[in-house]
**Q** 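Here you go, one structure.
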Amino acid sequence: MRFEYAPAPESRSLVTLRDSYGLFIGGEFVAGSSVFKTISPATEEVLAEVTHAGPEDVDRAVAAARQAYERVWSAMPGRERGKYLFRIARVLQERSRELAVLETMDNGKPIRESRDVDVPLAAAHFFYHAGWADKLSYAGFGPSPRPLGVVGQVIPWNFPLLMLAWKVAPALACGNTVVLKPAETTPLTALLFAEICQQADLPPGVVNIVTGDGATGQAVVAHPGIDKVAFTGSTAVGKEIARACAVSGKRLTLELGGKAANVVFDDAPADQAVEGIVNGIFFNQGHVCCAGSRLLVQESIADELLDALKRRMASLRLGDPMDKNTDIGAINSRAQLDKIQELTSSGETEGADRWSAPCALPDRGFWFPPTVFTGVSPTHRIAREEIFGPVLSVLTFRTPAEAVEKANNTPYGLSAGVWTEKGSLILWMASRLRAGVVWANTFNRFDPSSPFGGYKESGFGREGGRHGLEAYLDVLGGGDV
Ligand code: TAP
């Protein structure tokens, strides 16, 4: 039975959009070399004009960060830095509805997700790292770990505010200052975050935000005044950055792509597994680095499980991301939609069977229905390449050993899921899966105290937890933090 829901739109009036936004450098919004427009992917309406930072603007931002590092932030006792982080965390909570609405407008993700996942987790990251700021000497990195200096951070568009929090909170807690570049298609919550830094009286220059495109990211990464680079994005760009940093001696952490296996055994609780599969691949339109984009299902239950999955997919509601009942929002950009369409066409051409949930797509904006491919072979592109959209590729296996072999048959290694009632099988699988995170009987769960990161082409370094602090500390140096 299909339920009809009355519209339940969240109010756009919670957000006051400016016509244009400057760069956030030295605690102020300043003009830059040129401007570009950011649009709503759900309606293609222009939301605001944003400044494009050229190399000279990046230079100013790095200089402001250096000055703040040397004069204020690195010398400030950890307990004082912690107070600023607590303040930012509280303001994020106070302004959470505004942030959620703005995120949904600029990114296209359902308001339910920005409200219940992105913004609360972003605040949690600041609370968590605020607690670490005065305890770094007890974190197991020696008695006096030192900050690294000015950190250049480049983030993607899939979780704009949350990725900012993953980057900025540990960097600041450890005594570094930052120059952050948000993605070209989703700069608005980072700019609202800049206002929050002002509201929290963060010393000028501790956080600098330079909006722009890939060239701006390149300028940040290549700047000689940057001591450490932290990048989240595609594996292709990550490799370019690794090459650029290799010759410079800069410290580097990379959080890159994934092609996670979600492995369902025949004794798994079926309804729970179906919810986990749906959450694993359709959460955030599948724009998730750790998405469970390859379903590995034990052959004996494959037909039954797929029937249940299709029934569940048919009940997903696609449409206005501002509606509180929406499950599937808009694809973030025309370019991403083109990429999803190209890869799904290759799935059909290579011989897999495509099934999409029956749902009407809105006339304007960028949309793609939840889709599942069966009859997939490990050599198909849809089984190997990251689609980064609401598309699931299904493969089958007979034995646990075959499941492990197929799950690990990927250049990536970010995450995996295991569904079974047997605890021993969970542990057996977890010790063999080459993935940074292995979820058992759940998927896409995050917590700031739990380190996240990849193996192989999914990158190196960890974000979150005690392990994540290490990326922002000179653990071999002396002195007080
Ligand atoms: P990318 O195209 O790699 O872009 C990421 C960021 O890098 C954007 O801000 C981008 O700017 C900038 N950039 C582009 N070219 C650059 C260059 N040559 N030098 C420096 N910066 C450059 O990735 P995306 O399409 O935005 O994001 C999707 C990818 O991110 C997926 O592969 C996904 O798996 C990965 N991701 C990984 C994680 C973790 S934790 N592993 C989390 C989220 C996403 P523009 O936006 O202006 O192009």
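Order of listing sets the numbers, starting from 1, for every ligand and every atom in it.
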**Q** Check each atom of ligand 1 against the heavy atoms of Phe231 and keep those under 4.0 Å away; list them by number with element.
**A** 3 (O), 5 (C), 6 (C), 7 (O)
**Q** For a quick test of your reading: what N or O donor-acceptor pairs under 3.5 Å do the side chains of residues 240-248 make, sequence neighbours left out?
**A**
unit_1: Ser248; atom_1: OG; unit_2: Cys245; atom_2: O; d: 2.9
unit_1: Ser248; atom_1: OG; unit_2: Lys250; atom_2: N; d: 3.2

**Q** Tell me: protein heavy atom nearest atom 32 (O) of ligand 1, and distance?
**A** Glu386 OE1, 2.6 Å
**Q** Do the two ring centres, one from Phe193 and one from Phe126, sit under 6.0 Å apart?
**A** yes
**Q** Can you confirm whether some protein heavy atom lies under 4.0 Å from atom 23 (O) of ligand 1, or whether none does?
**A** yes
**Q** Give the residue and atom name of whichever protein heavy atom lies nearest to atom 38 (C) of ligand 1, and the separation in Å to one decimal.
**A** Cys289 SG, 3.0 Å
**Q** Can you classify the ring geometry of His125 versus His129 as parallel (below 30°), tilted (30 to 60°) or perpendicular (above 60°)?
**A** parallel
**Q** Which is closest to atom 29 (C) of ligand 1 by heavy-atom distance: Gly233, Pro156, Gly214?
**A** Gly233
**Q** Kindly identify the option in Ile155, Asp213, Asn158 whose heavy atom sits closest to atom 43 (C) of ligand 1.
**A** Asn158
**Q** Closest non-hydrogen protein atom to atom 12 (C) of ligand 1, residue and atom name please, with distance?
**A** Val154 CG1, 3.6 Å
**Q** Let me confirm one number: the CD-CZ distance from Glu463 to Phe452, rounded to the nearest 0.5 Å.
**A** 8.5 Å
**Q** Any ion pair linking Glu405 and Arg432 (charged N to carboxylate O, less than 4.0 Å)?
**A** no
**Q** Taking the six-membered ring of Phe86 (Phe, Tyr or Trp), confirm whether the NZ or CZ of Arg81 is under 6.0 Å from its centre and within 45° of its axis.
**A** no
**Q** Which atoms of ligand 1 sit under 4.0 Å from any heavy atom of Leu414?
**A** 41 (N)
**Q** N/O of Glu240 under 3.5 Å from N/O of ligand 1, yes or no?
**A** yes
**Q** Compute whether any side-chain donor of one residue and acceptor of the other, for Thr186 and Asn332, lie under 3.5 angstrom apart.
**A** no
**Q** Under 4.0 Å from a heavy atom of Val237: which atoms of ligand 1 are those, numbered in the order shown and with their elements?
**A** 3 (O), 15 (N), 16 (C), 17 (C), 22 (C)
**Q** Is Glu103 salt-bridged to Arg115, going by a charged N under 4.0 Å from an acidic O?
**A** no
**Q** Pick one of side chain, backbone, both or neither for how Val288 approaches ligand 1, counting any non-hydrogen atom pair under 4.0 Å.
**A** neither
**Q** Judging by distance only, is a nitrogen or oxygen of Thr185 under 3.5 angstrom from one on ligand 1?
**A** no
**Q** So, 4.0 Å and heavy atoms of Phe452: is ligand 1 close enough to count as a contact?
**A** yes
**Q** Quick one: side chain to side chain donor-acceptor pair (under 3.5 Å) partners of Asn208, sequence neighbours excluded?
**A** none
**Q** Please list, in number order, the atoms of ligand 1 under 4.0 Å from a heavy atom of Gly212.
**A** 47 (O)
